[in-house]
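Read the structure below first, then the notes.
Lettering follows sequence order; numbering is per chain, from 1. As the structure is a prediction and not an experimental result, all values here were calculated from the model.
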Number of protein chains: 2
Amino acid sequence: MSNTCEFPRPALTVDCVVFGYDGGAGLQVLLIRRGIAPFKGAWALPGGFVLMDEGLEDAARRELGEETGLKDVFLEQLFTFGAVDRDPRGRVVSVAYFALVRPDRNPARGDTDADEARWFEVDGMPEVAFDHGEILGAALERLRGKVRYQPVGFELLPKRFTLGKLQGLYEAILGREVDKRNFRRKVLAFDFLVALEEFEMGAHRPGRLYRFDRRRYEALVKRGFLFEL
Amino acid sequence: MSNTCEFPRPALTVDCVVFGYDGGAGLQVLLIRRGIAPFKGAWALPGGFVLMDEGLEDAARRELGEETGLKDVFLEQLFTFGAVDRDPRGRVVSVAYFALVRPDRNPARGDTDADEARWFEVDGMPEVAFDHGEILGAALERLRGKVRYQPVGFELLPKRFTLGKLQGLYEAILGREVDKRNFRRKVLAFDFLVALEEFEMGAHRPGRLYRFDRRRYEALVKRGFLFEL
DNA sequence: GCAAAAGTGTTTATGTTACACCCATGT
DNA sequence: ACATGGGTGTAACATAAACACTTTTGC
């Protein structure tokens with residue numbers, strides 16, 4: 001009935017792999033620079049200790065807000081890492097989450113030299129503290145698998161986006177090119193993208209904007225529909 | 001540098017959802033009857049506390065051995081459950097695993113009234129302790145998803161099995177019938193089943209026995225092959 | 001001889017892939 | 001005018017789905 005230590009317990013932390021996409025070629029991950037030992041000065045995943053009166057996902061959201069200013073992001077539990085020697089301070093078990101954030105409303109974006117939080121392209125990551133490299137690898141693998149049968153890509157784009165941007169994102173995540181016509185036909189056939197009467201102006205021909213209709217998507221799922229790009 | 005309690009920590013446990021298949025209509029799960037409070041006398045998942053010097057999967061294997069006698073089973077991490085009030089004794093976070101065991105070399109099978117460990121059909125489960133119902137649901141969902149794109153079914157069958165048994169297992173897991181000819185053609189086309197010169201005798205026409213060739217499967221995976229039933 | 005599971009091919013429908021050109025805009 | 005991304009259709013191919021009868025054994 002108590003939470004005192006009848007016998008020693010591992011410490012429990014959460015760590016977050018935060019993915020972002022700015023429309024460029026590569027997928028990005030948000031790292032923070034550690035201010036304290038161990039691994040002081042090294043890049044690491046945002047995260048920290050789980051409090052006694054908060055759920056695991058709550059802890060992940062809290063730490064994410066405290067360390068990066070991000071809130072209201074897509075968050076999903078990834079895996080729990082518990083190798084006995086993964087932390088030099090002693091036994092620390094970490095529940096890893098991965099987060100997807102839209103490029104708008106993103107505090108860290110821009111102050112890329114804040115010496116606090118910074119985005120790195122996934123192929124171009126620095127050495128990271130603890131076993132965070134392993135966690136990163138697992139997160140990337142999971143995202144690559146998930147994106148093909150669940151509509152998570154939309155969590156990485158602005159609310160309104162062109163099909164070109166959506167395709168670019170898929171290519172960035174999957175790491176290969178996809179055929180433009182086939183991609184457009186398929187994704188529109190699903191019928192959960194709503195064409196808007198607005199266009200993205202830019203240096204070239206304006207592209208029609210779409211938005212993801214989650215209600216429609218969930219209705220389709222209930223009818224036994226399967227996504228699958 | 002120490003594992004003493006600088007501040008209170010959640011307790012950490014592992015729980016295992018053990019799946020089995022005896023060739024009948026339904027998939028089964030192994031539960032144990034709790035001998036101590038809370039939920040004394042109730043059915044629950046096998047599991048227990050993680051020790052300071054063992055990894056998470058090691059803890060799951062140890063508990064499984066201690067409580068059910070099972071060893072050398074397929075084991076995969078499922079999800080970590082950490083709701084603040086999931087255990088009436090206080091804050092307890094549990095890393096859930098799911099296990100797949102072959103019907104041979106299975107101590108619990110048979111002594112179904114041992115008042116210790118017992119198999120239940122998945123649709124016919126009793127009330128279970130803590131949030132173990134939720135864990136069971138997650139495990140079943142995961143198994144149903146996984147079986148379609150990874151060859152885990154073989155972990156639930158004897159080393160040598162007929163295609164009829166394999167098909168029956170898939171029907172039990174997926175909860176629907178599959179076409180015999182299409183199933184056989186597809187599964188044989190994958191080329192990781194080895195036809196043996198032995199047959200399963202029974203009350204009817206003998207069926208050819210096959211075995212799963214893991215080496216061949218892994219070679220295929222490396223060549224970028226995708227399973228998918 | 002009958003009940004029960006094993007075993008076997010073909011046709012049809014559906015989905016996937018490959019592929020090339022014109023359009024609208026900013027510079 | 002040119003560079004850049006937006007936008008469109010069709011034919012070949014591959015995969016999936018539907019479907020019925022014969023075989024072999026134990027009883």
Side-chain angles (χ1 to χ4, degrees), chain A residues 21-26 103 147-149 157-158 160-172 174-211 220 223-229, chain B residues 21-25 147-149 157-158 160-172 174-211 220 223-229:
Chain A
Y21 177 65
D22 66 1
V147 82
R148 293 186 49 193
Y149 63 93
L157 291 174
R160 305 175 317 142
F161 50 85
T162 64
L163 293 184
K165 289 283 165 55
L166 183 62
Q167 181 181 343
L169 170 63
Y170 271 79
E171 290 175 337
L174 299 176
R176 59 178 159 87
E177 297 198 336
V178 308
D179 181 86
K180 180 165 52 158
R181 280 172 290 190
N182 294 337
F183 180 82
R184 296 166 90 91
R185 183 175 342 113
K186 188 155 189 177
V187 81
L188 287 177
F190 285 137
D191 199 47
F192 50 59
L193 290 189
V194 186
L196 304 174
E197 290 310 315
E198 294 161 274
F199 293 82
E200 181 178 70
M201 294 303 169
H204 313 295
R205 173 173 174 178
R208 179 177 289 274
L209 291 169
Y210 291 80
R211 69 178 176 81
L220 289 169
R223 281 191 240 150
F225 140 97
L226 194 64
F227 178 61
E228 199 130 358
L229 180 125
Chain B
Y21 177 65
D22 66 1
V147 81
R148 293 185 50 192
Y149 62 94
L157 291 174
R160 305 174 317 142
F161 50 85
T162 63
L163 293 185
K165 288 285 164 53
L166 183 62
Q167 181 180 342
L169 169 63
Y170 271 79
E171 290 175 336
L174 299 176
R176 60 180 159 86
E177 298 198 335
V178 306
D179 181 86
K180 180 165 52 157
R181 280 172 290 188
N182 293 338
F183 179 84
R184 296 166 91 92
R185 182 172 347 107
K186 188 155 190 179
V187 81
L188 287 177
F190 285 137
D191 200 47
F192 50 58
L193 290 189
V194 186
L196 304 175
E197 291 310 316
E198 296 162 273
F199 294 82
E200 181 178 71
M201 294 302 170
H204 313 295
R205 173 173 175 178
R208 179 178 291 274
L209 291 168
Y210 291 80
R211 68 178 175 82
L220 289 169
R223 280 190 240 151
F225 140 96
L226 194 65
F227 179 61
E228 197 128 359
L229 180 125

Distances under 3.5 Å between nitrogen or oxygen atoms of protein and nucleotides 25-27 of chain D:
| unit_1 | atom_1 | unit_2 | atom_2 | d |
| --- | --- | --- | --- | --- |
| D/dG26 | O4' | B/A203 | O | 2.9 |

Legend entry - B/E177 side chain vs B/E171 backbone, donor-acceptor pair below 3.5 Å: no
Legend entry - Min side-chain heavy-atom separation A/K180-A/Q167 under 4.5 Å: yes
Inset, instruction - State, yes or no, whether a side-chain contact exists between B/L169 and B/V147 at a heavy-atom distance under 4.5 Å. - result: no
Inset, instruction - Rounded to the nearest 0.5 Å, what's the gap from CG on A/L157 to OH on A/Y21? Could you check? - result: 7.5 Å
Inset, instruction - To the nearest 0.5 Å, tell me how far B/K165 NZ sits from B/D22 CG. - result: 10.0 Å
Inset, instruction - Mind checking side chain to side chain donor-acceptor pair (under 3.5 Å) for A/R160 and listing every partner two or more places apart, or none if nothing turns up? - result: A/E198
Inset, instruction - Would you mind reporting whether A/L166 and A/Y210 have side-chain heavy atoms less than 4.5 Å apart? - result: no
Legend entry - Approximate separation, where rounding is to 0.5 Å, of A/L193 CG and A/L209 CG: 12.0 Å
Inset, instruction - To the nearest Å, give me how far apart CZ (B/R176) and P (D/dA18) are. - result: 10 Å
Inset, instruction - To the nearest Å, give me how far apart CG (B/L188) and C1' (C/dG7) are. - result: 11 Å
Please list, pair by pair, any protein nitrogen or oxygen found under 3.5 Å from a nitrogen or oxygen in nucleotides 12-17 of chain C.
| unit_1 | atom_1 | unit_2 | atom_2 | d |
| --- | --- | --- | --- | --- |
| C/dT16 | OP1 | A/K186 | NZ | 3.2 |

Legend entry - Interface with DNA chain D, restricted to residues 193-200 of chain B and to heavy atoms under 4.0 Å: none
Inset, instruction - Send over the distance from A/K180 NZ to D/dT4 P, rounded to a whole Å. - result: 14 Å
Legend entry - Gap between atom CZ of B/F199 and atom CZ of B/R205 - 0.5 Å precision: 9.0 Å
Legend entry - Gap between atoms CG and P, on B/L209 and C/dA5 respectively (whole Å): 16 Å
Legend entry - Pair A/F183-A/Y170, ring-ring contact (aromatic ring centres under 6.0 Å, His included): steps then yes or no: CA-CA 10 Å; A/F183 180 82; A/Y170 271 79; 5.8 Å; yes
Legend entry - Approximate separation, where rounding is to 0.5 Å, of A/F192 CZ and A/L220 CG: 7.5 Å
Legend entry - With sequence neighbours excluded, residues passing side chain to side chain donor-acceptor pair (under 3.5 Å) with A/R185: A/N182
Inset, instruction - Answer with yes or no whether A/R181 presents, from its side chain, a donor or acceptor under 3.5 Å of a partner atom in the base of C/dA20. - result: yes
Inset, instruction - Five pairs at each end of the helix from C/dG1-D/dC27 to C/dT27-D/dA1: take the axis at both ends and give me the angle between them to 10°. - result: 10°
Legend entry - Side-chain heavy atoms of A/L196 within contact of A/R211, under 4.5 Å: yes
Legend entry - Value in whole Å for how far the C1' atom of D/dG6 lies from CG of A/L166: 14 Å
Inset, instruction - Let me know the distance between CD of A/E177 and P of C/dA18, rounded to the nearest Å. - result: 12 Å
Legend entry - Interatomic distance where CG belongs to B/D179 and C1' belongs to D/dT15 [whole Å]: 15 Å
Inset, instruction - Side-chain contact test, heavy atoms from C-beta onward, threshold under 4.5 Å: evaluate it for B/R148 versus B/L174 and give yes or no. - result: yes
Inset, instruction - Ignoring backbone atoms, test whether B/R208 places a side-chain nitrogen or oxygen under 4.0 Å from the OP1 or OP2 oxygen of C/dG7. - result: no
Inset, instruction - Whole angstrom is fine here: how far is it from CZ in B/F183 over to C1' in D/dA16? - result: 15 Å
